[in-house]
Amino acid sequence: MKQSSVISPSILSADFARLGEETQAVLDAGADWVHFDVMDNHFVPNLTVGPMVCKALRDHGISAPIDVHLMVQPVDDLVIAFAKSGASIITFHPEASIHVDRTLSLIREQGCKAGLVLNPTTPLDVLDWAIDKLDMILLMSVNPGFGGQKFIPYVMEKVEHVRAMIDASEREIRLEIDGGVTVDNIGDLASAGADTFVSGSAIFGSGDYAATIAAMRNSIGD
Ligand code: DX5
Ligand code: ZN
């Protein structure tokens with residue numbers, strides 16, 4: 001069953017010089033979670049922020065769930081570091097971990113919710129054996145590495161497939177979508193079965209965070 005909708009703005013498009021204020025501002029504007037994109041210039045061609053910055057947000061007073069999206073290789077040491085730094089949910093790409101089952105267990109042992117992230121063309125078969133250990137499945141609708149890219153249309157169908165898999169499992173697993181999510185396509189994504197929406201440039205690039213988030217919720221329709 002689909003869970004209530006969550007909007008998780010990606011801080012990748014925030015003003016990094018004012019990250020604490022910007023994060024609080026999107027939460028005050030109605031966002032539910034904080035999407036924290038971690039890039040290592042190895043698994044993806046960009047370099048962003050690490051556990052110290054996650055902890056700095058907690059120390060600044062951010063209490064909302066922090067949704068850590070690891071685009072790094074190797075994965076496991078950073079799972080531990082992020083769990084200690086205040087992460088609530090940790091997701092990683094199966095291509096980046098040699099032992100996916102072990103990494104999923106590690107995330108849960110550290111007290112966080114666990115998820116797998118699938119790139120646009122990554123097949124769904126990894127889910128067959130991992131589904132019992134998942135709290136979230138994150139589908140990438142752009143190639144990871146940068147904000148502000150265009151939504152890849154075929155991922156819409158992939159959302160429908162994963163929704164059917166989650167429903168068949170009868171488990172409480174969130175279906176998150178990340179990349180090129182805007183006010184214009186979020187309604188279709190919700191209809192296809194997504195319940196958790198990452199959006200970076202469409203929120204932080206808008207003049208009015210509250211109006212954009214409200215318009216997104218209106219399009220989602222719950
Ligand atoms: C891309 C990141 C995304 C990105 C989304 O690698 O995982 O979270 O920040 O940004 P927009 O919403 O601008 O596509
Ligand atoms: Zn992301």
Side-chain angles (χ1 to χ4, degrees), residues 5-16 19 22-23 26 29 31-51 53-54 57 64-73 75 78-79 82 87-96 107 112-122 135-156 158-159 174-190 194-207 209 212-213 215-217 219-220:
S5 299
V6 159
I7 294 181
S8 189
S10 164
I11 56 155
L12 192 59
S13 293
D15 176 355
F16 273 16
L19 191 56
E22 285 267 81
T23 305
V26 279
D32 303 290
W33 294 359
V34 177
H35 186 79
F36 194 100
D37 284 308
V38 185
M39 304 185 185
D40 66 351
N41 188 38
H42 170 70
F43 184 69
V44 290
N46 200 355
L47 185 65
T48 59
V49 282
V53 176
C54 184
L57 288 180
I66 299 184
D67 164 27
V68 174
H69 175 190
L70 294 179
M71 289 161 274
V72 303
Q73 190 175 32
V75 180
L78 283 174
V79 163
F82 270 102
S88 313
I89 302 136
I90 300 179
T91 62
F92 66 98
H93 292 247
E95 297 89 344
I107 295 172
C112 296
K113 302 250 191 213
L116 282 176
V117 193
L118 305 184
N119 280 331
T121 64
T122 300
D135 301 296
M136 188 153 81
I137 298 166
L138 169 47
L139 292 181
M140 291 306 302
S141 38
V142 296
N143 290 295
F146 303 95
Q149 303 180 79
K150 269 180 97 87
F151 181 87
I152 297 174
Y154 65 74
V155 178
M156 194 66 81
K158 206 172 180 189
V159 172
R174 287 198 163 274
L175 175 42
E176 185 173 48
I177 184 85
D178 183 5
V181 175
T182 65
V183 173
D184 293 333
N185 62 17
I186 202 166
D188 289 343
L189 286 162
D195 54 32
T196 306
F197 304 89
V198 176
S199 180
S201 51
I203 293 176
F204 283 104
S206 72
Y209 301 163
T212 305
I213 291 170
M216 287 180 165
R217 283 202 200 282
S219 305
I220 294 167

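We count ligands from 1, going down the list as the structure has it; atoms in each ligand are counted the same way. We number each residue from 1, following the sequence as shown. Side chains are part of it too, since the values below use all heavy atoms of this structure and drop only hydrogens, waters and symmetry mates.
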Closest protein heavy atom (residue, atom, distance) for [atom]:
{"atom": "atom 10 (O) of ligand 1", "answer": "Gly147 CA, 3.6 Å"}
{"atom": "atom 13 (O) of ligand 1", "answer": "Ser201 OG, 2.5 Å"}
{"atom": "atom 6 (O) of ligand 1", "answer": "Gly145 N, 2.8 Å"}
{"atom": "atom 14 (O) of ligand 1", "answer": "Gly180 N, 2.8 Å"}
{"atom": "atom 12 (O) of ligand 1", "answer": "Gly200 N, 2.7 Å"}
{"atom": "atom 3 (C) of ligand 1", "answer": "Asp178 OD1, 2.9 Å"}

Would you check if the side chain of [X] reaches a backbone N or O of [Y] as a donor-acceptor pair within less than 3.5 Å?
{"X": "Thr48", "Y": "Met39", "result": "yes"}
{"X": "Glu22", "Y": "Asp15", "result": "yes"}
{"X": "Asn185", "Y": "Gly180", "result": "yes"}
{"X": "Ser219", "Y": "Gly187", "result": "no"}
{"X": "Lys158", "Y": "Pro120", "result": "yes"}
{"X": "Ser199", "Y": "Val181", "result": "yes"}

What verdict does the side chain to side chain donor-acceptor pair (under 3.5 Å) test give for Asp67 and Ser8, after you've listed the backbone C-alpha separation in whole Å, the side-chain angles of each residue and the deciding distance to 0.1 Å? CA-CA 8 Å; Asp67 164 27; Ser8 189; 3.0 Å; yes

Take the angle between the ring planes of His69 and His93 and call it parallel below 30°, perpendicular above 60°, tilted in between.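 His69 vs His93 ring planes: parallel.
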
To the nearest 0.5 Å, what is the distance between CG on Asn143 and CD on Gln149?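 Between Asn143 CG and Gln149 CD, I get 6.5 Å after rounding to 0.5 Å.
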
Enumerate the atoms of ligand 1 whose separation from the nearest heavy atom of [X] is less than 4.0 angstrom.
{"X": "Pro144", "value": "6 (O)"}
{"X": "Met140", "value": "7 (O)"}
{"X": "Phe146", "value": "1 (C), 6 (O)"}
{"X": "His69", "value": "7 (O)"}
{"X": "Val198", "value": "8 (O)"}
{"X": "Met71", "value": "6 (O), 7 (O)"}
{"X": "Ser199", "value": "12 (O)"}
{"X": "His35", "value": "8 (O)"}

Return the minimal non-hydrogen interatomic distance between [X] and [Y], and the atom names on each side.
{"X": "Phe146", "Y": "Pro45", "answer": "CZ-O, 3.2 Å"}
{"X": "Met71", "Y": "Pro144", "answer": "SD-CB, 3.7 Å"}
{"X": "Pro65", "Y": "Ser88", "answer": "CA-OG, 3.3 Å"}

Which atom, counting only N, O or S, brings [X] closest to the Zn ion (ligand 2)?
{"X": "Asp178", "value": "OD2"}
{"X": "His69", "value": "ND1"}
{"X": "Asp37", "value": "OD1"}

Heavy-atom distances under 4.0 Å decide this one: backbone, side chain, both or neither, for Ser10 against ligand 1?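 Ser10 to ligand 1: side-chain contact only, backbone stays beyond 4.0 Å.
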
Below 4.5 Å, heavy atoms only, C-beta onward: do Phe204 and Ser10 meet side chain to side chain?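 Phe204 vs Ser10: side chains apart.
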
Below 3.5 Å, N or O to N or O, backbone or side chain included: is there any such pair between [X] and ligand 1?
{"X": "Asp37", "answer": "yes"}
{"X": "Val142", "answer": "no"}
{"X": "Val181", "answer": "no"}

